[in-house]
Every structure is written in structure tokens, then in C-alpha cells.
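Notes follow once the structure below has been shown.
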Amino acid sequence: MKSIAIYCGSSLGNDPKIVADAAELGKKLAEENITVIYGGARIGIMGTVANTALKHEGKVIGVIPEFLKRKEVVHTELTELHTTETMVERKMKMIDMAEGFIALPGGFGTLEELFEVITALQLAQMEHPVAILNSNGYYDQLIAMMQTMMQKELLKPKNFDMLIIETDIQILLERMRNFVPKTTPKWLKTN
Ligand code: AMP
């Protein structure tokens with residue numbers, strides 16, 4: 001994996017452990033020579049990941065729509081900054097450039113981006129690993145919801161199993177490296 005897209009909050013939140021994990025991830029990606037692809041903001045958890053990666057001489061590519069440059073306070077010291085017209089173009093560009101995806105804690109925007117790549121993986125439209133860094137149990141209730149979805153047989157366990165969920169960054173990256181995509185689209189199977 002030469003590049004990973006990071007989905008995370010444009011706000012900083014109020015949990016120091018989450019911010020510390022975001023910083024640790026930025027540092028680790030820089031040390032492992034993995035380019036960070038992210039939303040291009042200087043603020044929030046997004047900014048924390050980018051700044052720590054840059055501080056450790058990592059490469060960071062931001063992708064931001066023109067209209068959000070002020071609201072999300074665009075980062076001006078990135079390795080590369082791509083400007084798009086729309087949110088949809090931003091997401092597509094990030095997906096095109098990344099060889100893996102990690103969601104850190106965030107809000108609606110983060111969840112939207114995360115579920116877009118999970119469903120692309122489920123439909124075999126995309127073959128890169130998708131991971132959740134469950135920092136300080138932030139996503140426990142979301143994972144519990146996925147258990148309910150499986151109990152009600154609306155989510156297939158094999159699709160859930162493709163999602164990498166970890167609290168430890170090193171283990172998460174190791175699992176991403178070893179990820180083997182499923183190759184058969186679901187509509188070709190009989191069960
Ligand atoms: P949030 O998790 O809500 O703080 O948002 C995290 C990032 O996702 C921010 O950079 C948002 O601009 C971005 N975002 C929110 N909604 C969308 C969307 N529909 N498409 C692409 N990016 C989005």
C-alpha cells in the first residue's frame with residue numbers, strides 16, 4: 001500500500017485519546033512511507049493526521065471542494081492539494097488515488113465516506129482494504145448496529161468480515177496489508 005485515504009472529523013471533538021490516536025496514525029503512515037490522502041483541511045482530526053504526517057516528513061495529499069476551502073480552513077503546506085468543484089468529485093478523486101481506506105472518529109461526513117467504500121467493496125467494485133480505527137471505543141455502537149443487521153439477516157457475515165476493525169494501529173495496518181478481496185460479485189452467487 002503506497003497510499004491510504006483517511007476519513008475523519010473536520011471537528012476536533014473532546015476526547016484527547018482520539019486526537020492522540022489520529023496523531024499516532026499520521027506519524028506511523030509517514031514512517032512507513034505511505035502517502036496520506038485526505039480532505040485537505042487544516043482543522044479538526046483531519047488536520048491532526050495531516051500535520052503529524054508532515055512533521056514526520058510524510059507525503060500528504062489534500063482533496064477539497066472550492067466552496068469548502070474557507071469553511072474547513074484549507075491546509076496550505078501539503079505535498080499536493082487538489083481542488084474539486086463538488087463533494088462527489090472530491091470523494092471520487094480520493095477513492096481513485098488510495099490503495100486503502102481508514103475511518104477514524106468523525107461525524108456524518110466521515111460515515112458517508114466510510115459506507116461508500118464499504119459498499120463498493122461489498123459489490124466488488126473496489127478491491128482495496130477498508131478499516132475502522134475504533135479509537136477509544138468510538139464506534140462500539142456502530143459495530144453493535146452491524147451485529148443487529150446480521151442477526152436480522154440484512155447484512156451477510158462475509159460482508160461484515162471484509163471490514164477491518166481494530167484499536168491498535170500497527171495491527172490494523174498489518175491486516176490491511178494482508179487483505180485479500182473477494183472477487184465474485186454477490187449477484188453471481190446462488191446463496
Ligand atoms: P465530518 O465527519 O462530518 O466532520 O466530515 C468529515 C469530512 O467529510 C469533511 O471534510 C466533510 O466536508 C466531508 N464530507 C461531508 N459530507 C460529504 C459528502 N457528501 N461527500 C464528500 N465529503 C463529505
Side-chain angles (χ1 to χ4, degrees), residues 3-26 29 34-54 58-123 125-126 128-146 163-167 169 172:
S3 57
I4 293 182
I6 306 297
Y7 298 141
C8 59
S10 51
S11 306
L12 199 56
N14 61 10
D15 184 340
K17 168 71 176 140
I18 289 175
V19 179
D21 278 351
E24 197 192 328
L25 179 65
L29 294 173
I34 297 172
T35 300
V36 173
I37 317 280
Y38 88 117
R42 190 154 57 85
I43 55 168
I45 297 175
M46 295 167 75
T48 303
V49 177
N51 285 329
T52 325
L54 290 169
K59 285 197 194 117
V60 182
I61 300 177
V63 185
I64 193 162
E66 185 65 44
F67 74 93
L68 269 186
K69 276 186 169 173
R70 273 182 65 158
K71 186 163 181 272
E72 292 193 350
V73 194
V74 66
H75 204 302
T76 51
E77 279 144 55
L78 300 174
T79 317
E80 281 175 37
L81 179 70
H82 297 260
T83 304
T84 64
E85 215 170 295
T86 65
M87 290 297 231
V88 173
E89 281 172 43
R90 173 203 235 179
K91 282 188 299 178
M92 290 322 298
K93 192 149 196 74
M94 288 175 70
I95 291 171
D96 282 350
M97 286 193 289
E99 294 176 7
F101 303 87
I102 302 176
L104 269 60
F108 284 157
T110 303
L111 291 185
E112 205 251 5
E113 293 171 307
L114 169 66
F115 280 103
E116 178 163 30
V117 285
I118 293 175
T119 48
L121 190 61
Q122 173 174 286
L123 296 172
Q125 298 290 294
M126 195 279 292
H128 296 308
V130 179
I132 291 176
L133 182 64
N134 190 19
S135 184
N136 215 8
Y138 183 78
Y139 282 117
D140 285 353
Q141 280 82 10
L142 187 68
I143 296 158
M145 181 65 211
M146 293 177 193
L163 182 59
I164 295 165
I165 303 169
E166 288 294 340
T167 51
I169 292 171
L172 178 135

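Counting convention: from 1, in listed order, for ligands and their atoms alike. Being a predicted model, the structure only gives us computed values, none of them experimental. The figures that follow rest on heavy atoms only: side chains count, while hydrogens, waters and symmetry mates do not.
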- Query: Ignoring hydrogens and geometry, is there a side-chain-to-backbone donor-acceptor pair from T110 to C8 under 3.5 Å?
  - Reply: yes
- The single option from T83, I64, I95 that satisfies side chain to side chain contact (heavy atoms under 4.5 Å, CB included) with R90 is I64
- Message: Please check whether G109 reaches ligand 1 - meaning an N/O of the residue sits under 3.5 Å from an N/O of the ligand, judged on distance alone.
- Response: yes
- Query: Can you find an N or O of S11 that's nearer than 3.5 Å to an N or O of ligand 1?
  - Reply: no
- Message: Salt bridge or not between K69 and E72? Use side-chain N to carboxylate O under 4.0 Å.
- Response: no
- Query: Got a salt bridge between K91 and E113, using NZ or NE/NH1/NH2 to carboxylate O under 4.0 Å?
  - Reply: no
- Message: Can you tell me if C8 contacts ligand 1 (heavy atom of the residue under 4.0 Å from the ligand)?
- Response: yes
- Report the nearest protein non-hydrogen atom to atom 11 (C) of ligand 1: residue, atom name, distance rounded to 0.1 Å. E72 OE2, 3.2 Å
- Query: What atoms in ligand 1 come closer than 4.0 Å to a heavy atom of K91?
  - Reply: 20 (N), 21 (C)
- Pairs in or reaching into residues 13-22: which pass salt bridge (Lys or Arg N to Asp or Glu O under 4.0 Å), with residues at least two apart or in two chains? K17-D21
- Query: What protein heavy atom sits nearest atom 18 (C) of ligand 1, and how far off is it?
  - Reply: E112 OE1, 3.4 Å
- Query: Just wondering, do I132 and L163 contact through their side chains at under 4.5 Å, heavy atoms?
  - Reply: yes
- Short N or O distance, G107 and ligand 1, threshold 3.5 Å exclusive: yes
- Query: In Å, rounded to the nearest 0.5 Å, how long is the span from CZ of F101 to CD1 of I4?
  - Reply: 10.0 Å
- What atoms of ligand 1 come within less than 4.0 Å of a heavy atom belonging to T110? 1 (P), 2 (O), 5 (O), 6 (C)
- Task: For the residue pair E77 and H75, confirm or rule out a side-chain donor-acceptor distance under 3.5 Å.
- Result: no
- Task: For atom 17 (C) of ligand 1, grab the closest protein heavy atom and report residue, atom and distance to one decimal in Å.
- Result: M87 CE, 3.5 Å
- Message: Checking a contact table here: which protein heavy atom is nearest atom 13 (C) of ligand 1, and how many Å away?
- Response: R90 NH1, 3.2 Å
- Item | Shortest protein heavy-atom distance from atom 8 (O) of ligand 1, along with the residue and atom involved | E113 OE1, 3.3 Å
- Going by heavy-atom distance to atom 4 (O) of ligand 1, choose the closest among G44, G40, S10, G106. S10
- Query: Is the number of heavy atoms from other residues, nucleotides or ligands under 6.0 Å of N14 CG greater than 12?
  - Reply: no
- Message: I'd like to check which ligand 1 atoms, numbered from 1 as shown, lie under 4.0 Å from a non-hydrogen atom of L68.
- Response: 12 (O)
- Message: Looking at ligand 1, would G9 count as a contact under a 4.0 Å heavy-atom criterion?
- Response: yes
